[in-house]
Amino acid sequence: MILELSKSRLKQRIFRDFQDCRESAIALFAGMDAETFCQQIHPDFSPVGWHLGHIAYTESLWILERSAGLPCPFPEYRQLYAADGLPKSQRVKLPSLEETLHYLHTIRSKVLTYLEVTEIESQERLWRFLLQHESQHCETASFVLALIKAQQSKVHHPQSTVDSQEFTEMVKIPAGEFEMGSNSPDALDNERPQHKVYLDTYYIDKYPVTRGQYRQFIQGGGYADSRLWSDFGWYWLKHEQVNQPLYWDDDATMDAHPVCGVSWYEAEAYANFVGKRLPTEAEWEKASSWDRNQGISRIYPWGDDTPSHRYCNHHNHLGGTTPVNYYPEGQSSYGIYDTLGNVWEWTGSWFDGYEGFEFYPYIGYSQVYFDKQHRVLKGGSWVTRPWTMRCSFRNWYHPTTRQLFAGFRCVMS
């Protein structure tokens, strides 16, 4: 296989990325006990073990069955691991970790054999989709594990020597057009097509809202003041009896870290508390990606270099969040910090398709969520893999969701 792969740089790159992504996936489950593997900790999320099997099922479906035309190697798993096969509550009766790994390895071996002989250029977008699909499910498994542990990882968190009150600076983004979205082979269907958007002048927080800043909201009665909340948000708050972020740590030495584990409603209420608002998706993306000097959209805030621990906190490198000023080399052209990695950031936009949207590879990936029930998040978190990190990438969740590692920043017109 090495000889055949050496004939194509694209095949080499895909082979390497698939191997690296899979190694990190398996490491996430290393030594996991059966109870953790099969436990459903929250009704909105499947057991972590289901995500591992679903990764293999999806790879088998799209590469072996639909591309290579081979029969399904494990038909007994079709109903269990298909996204529309069983309700989440019925996904707890899973094969063991060992059996699941056998399933995973068997499918991957057949997939790599097919990679050796296929014309990859016409299929690149599909392979890139599957790489990102695996990355996304690993991220979901990561925060489900955090819920099971009932707390964030208690490993060392880098501290900041800067008073969190100094993180209040805002940056002016001048009026003008920018290019939003992406047409690259990596781009998922909801990122396409790239298009021009005009925005009036606005001001955006230089940093994500910190824990220290959010503490002022808590201590200032933010969770008790209905005037700060929308009607839906206030109903949710009272129904769920929430009075602090899900991953809250009252340790003042963490005050320079971004607030983490808030719903969209909590982010909106905080923005009202400080007299600001949440950015639209376009406002967030322009501040993060637009190179004002060259008049182009960057793939990443810092340029075209792939994400590394030089630029941002991702891929579980440090086991938790970092201070919002920890990566000065990761700034955008406008000098905005921490837009990729650390915590996802809620925006004020509903998830919807751009004009000219075409679903890929199936309607259920994005289009079914264009329902005015999901808000867009941008940027990635400290567990996000590099294959799903770029300024144009779009995540989406219900505004009630607070289990993912999400925070936010604010804007003013």
Side-chain angles (χ1 to χ4, degrees), residues 40-48 50-51 54 83-84 87-88 132-133 135-148 152 188-191 208-209 229-230 232-233 235-237 239-240 242 245-248 258-271 277-285 288 314 321 339-354 364-385 388-410:
Q40 187 190 28
I41 192 65
H42 190 281
D44 290 343
F45 302 102
S46 301
V48 290
W50 181 88
H51 291 279
H54 176 69
D84 58 355
K88 292 182 175 66
Q132 295 177 78
H133 174 269
S135 299
Q136 289 174 284
H137 278 277
C138 285
E139 175 149 2
T140 302
S142 294
F143 67 71
V144 170
L145 286 172
L147 295 177
I148 292 175
Q152 283 184 292
L188 301 175
D189 60 0
N190 60 71
E191 297 173 68
V209 172
W229 300 76
S230 66
F232 286 113
Y235 174 82
W236 168 82
L237 179 70
H239 184 264
E240 297 296 325
V242 169
L246 181 59
Y247 302 114
W248 183 248
V259 66
C260 181
V262 293
S263 69
W264 185 89
Y265 291 132
E266 289 168 280
E268 181 191 40
Y270 175 90
R277 61 178 174 82
L278 295 179
T280 65
E281 179 183 7
E283 288 171 335
W284 187 99
E285 191 167 329
S288 178
H314 71 293
T321 58
T339 50
L340 289 197
N342 223 5
V343 293
W344 288 98
E345 297 184 23
W346 288 107
T347 74
S349 299
W350 292 112
F351 184 56
D352 204 349
Y354 299 146
Y365 179 70
S366 296
Q367 188 169 330
V368 296
Y369 300 101
F370 298 162
D371 55 6
K372 294 294 186 284
Q373 299 294 320
H374 296 78
R375 295 286 186 177
V376 174
L377 299 103
K378 300 286 284 185
S381 76
W382 57 271
V383 298
T384 303
R385 276 113 177 108
T388 53
M389 297 188 76
R390 53 186 174 270
C391 297
S392 60
F393 189 88
R394 311 171 76 197
N395 198 357
W396 65 92
Y397 274 95
H398 286 288
T400 58
T401 305
R402 62 206 305 261
Q403 289 76 25
L404 68 161
F405 302 129
F408 60 99
R409 72 182 73 215
C410 300

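One is the number of the first residue; the rest follow in order along the sequence.
- Residues Leu278 and Ala271 come closest through the heavy atom pair N-CB, 4.1 Å.
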Next on the checklist: Test side-chain contact (heavy atoms from CB on, under 4.5 Å) on Leu404 and Leu377; report intermediate values, then the result.
Outcome noted: CA-CA 11 Å; Leu404 68 161; Leu377 299 103; 3.9 Å; yes
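- For Glu139, the side-chain hydrogen bond (donor to acceptor under 3.5 Å, both in side chains) partners two or more places apart in sequence, or in a different chain, are Trp344, Ser381, Thr384.
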Item to check | Test side-chain contact (heavy atoms from CB on, under 4.5 Å) applied to Phe232 and Thr400, step by step | outcome: CA-CA 10 Å; Phe232 286 113; Thr400 58; over 6 Å; no
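- Sorted by first and then second residue, the salt bridge (charged side-chain N to carboxylate O under 4.0 Å, His left out) pairs involving residues 341-351 (not counting sequence neighbours) are Glu345-Arg409.
- The line from OG1 of Thr401 to CG of Leu246 is 11.0 Å long, rounded to the nearest 0.5 Å.
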Next on the checklist: If you apply the rule side-chain hydrogen bond (donor to acceptor under 3.5 Å, both in side chains), what do you find for Ser392 with Glu191, and how did you get there?
Outcome noted: CA-CA 6 Å; Ser392 60; Glu191 297 173 68; 2.6 Å; yes
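- A donor-acceptor contact shorter than 3.5 Å is absent between the side chain of Trp229 and the backbone of Glu268.
- Stacking of Arg375 on the aromatic ring of Trp350 is recorded, both the 6.0 Å distance cut-off and the 45° axial limit being met.
- Heavy atoms only, all atoms of each residue included: Gly233 and Ser230 are closest at N-OG, 2.9 Å.
- Scanning all heavy atoms of the two residues, the minimum distance from Val343 to Val259 falls at CG1-O, 4.1 Å.
- Ion pairing between Glu283 and Arg277 holds under the 4.0 Å rule for side-chain N and carboxylate O.
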Item to check | ring-ring contact (aromatic ring centres under 6.0 Å, His included) between Phe393 and Trp284, worked out | outcome: CA-CA 12 Å; Phe393 189 88; Trp284 187 99; over 10 Å; no
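- Under the 3.5 Å distance criterion, the side-chain polar atoms of His51 are left unmatched by any main-chain donor or acceptor of Cys138.
- Remark: Leu188 CG to Gln132 CD distance equals 4.5 Å, nearest 0.5 Å.
- Atom NE2 of His374 sits about 10.5 Å away from atom CG of Asn395, to the nearest 0.5 Å.
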Item to check | side-chain contact (heavy atoms from CB on, under 4.5 Å) assessment of His314 paired with Leu340 | outcome: CA-CA 8 Å; His314 71 293; Leu340 289 197; over 6 Å; no
Next on the checklist: Is there a ring-ring contact (aromatic ring centres under 6.0 Å, His included) between Tyr247 and Phe405? Walk through the geometry before answering.
Outcome noted: CA-CA 8 Å; Tyr247 302 114; Phe405 302 129; 5.1 Å; yes
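- A 4.5 Å side-chain heavy-atom check between Leu237 and Val242 finds at least one atom pair inside the cut-off.
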Next on the checklist: Between Ser263 and Glu266, does the side-chain hydrogen bond (donor to acceptor under 3.5 Å, both in side chains) criterion hold? Intermediate values first, please.
Outcome noted: CA-CA 5 Å; Ser263 69; Glu266 289 168 280; 3.1 Å; yes
Next on the checklist: Run Ser288 and Lys378 through side-chain contact (heavy atoms from CB on, under 4.5 Å) and show every step you take.
Outcome noted: CA-CA 10 Å; Ser288 178; Lys378 300 286 284 185; over 6 Å; no
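- Between Arg402 and Glu240 there is no salt bridge, since no side-chain N of the basic residue sits under 4.0 Å from a carboxylate O of the acidic one.
- Checked against ring-ring contact (aromatic ring centres under 6.0 Å, His included), Phe143 has the following partners two or more places apart in sequence or in another chain: Phe45.
- Between His133 and His137, the ring-plane angle classifies as tilted under the 30° and 60° cut-offs.
- Exactly one residue among Tyr397, Phe370, Trp346 makes a ring pair (Phe, Tyr, Trp, His ring centres under 6.0 Å) with Phe351. That residue is Phe370.
- Distance check: Trp236 CH2 to Tyr265 OH gives 9.0 Å after rounding to the nearest 0.5 Å.
- The shortest side-chain heavy-atom distance between Asn190 and Trp396 falls under the 4.5 Å cut-off.
- Contact of the Lys372 side chain with the Asp352 side chain is registered, since non-hydrogen atoms from C-beta on lie closer than 4.5 Å.
- Taking OH of Tyr354 as the reference point, atom CZ of Arg394 lies at 4.0 Å (rounded to 0.5 Å).
- Looking only at side-chain heavy atoms (C-beta outward), Val209 and Cys410 come within less than 4.5 Å of each other.
- The CD1 atom of Ile41 sits 10.5 Å away from atom CD of Gln403, with the distance rounded to the nearest 0.5 Å.
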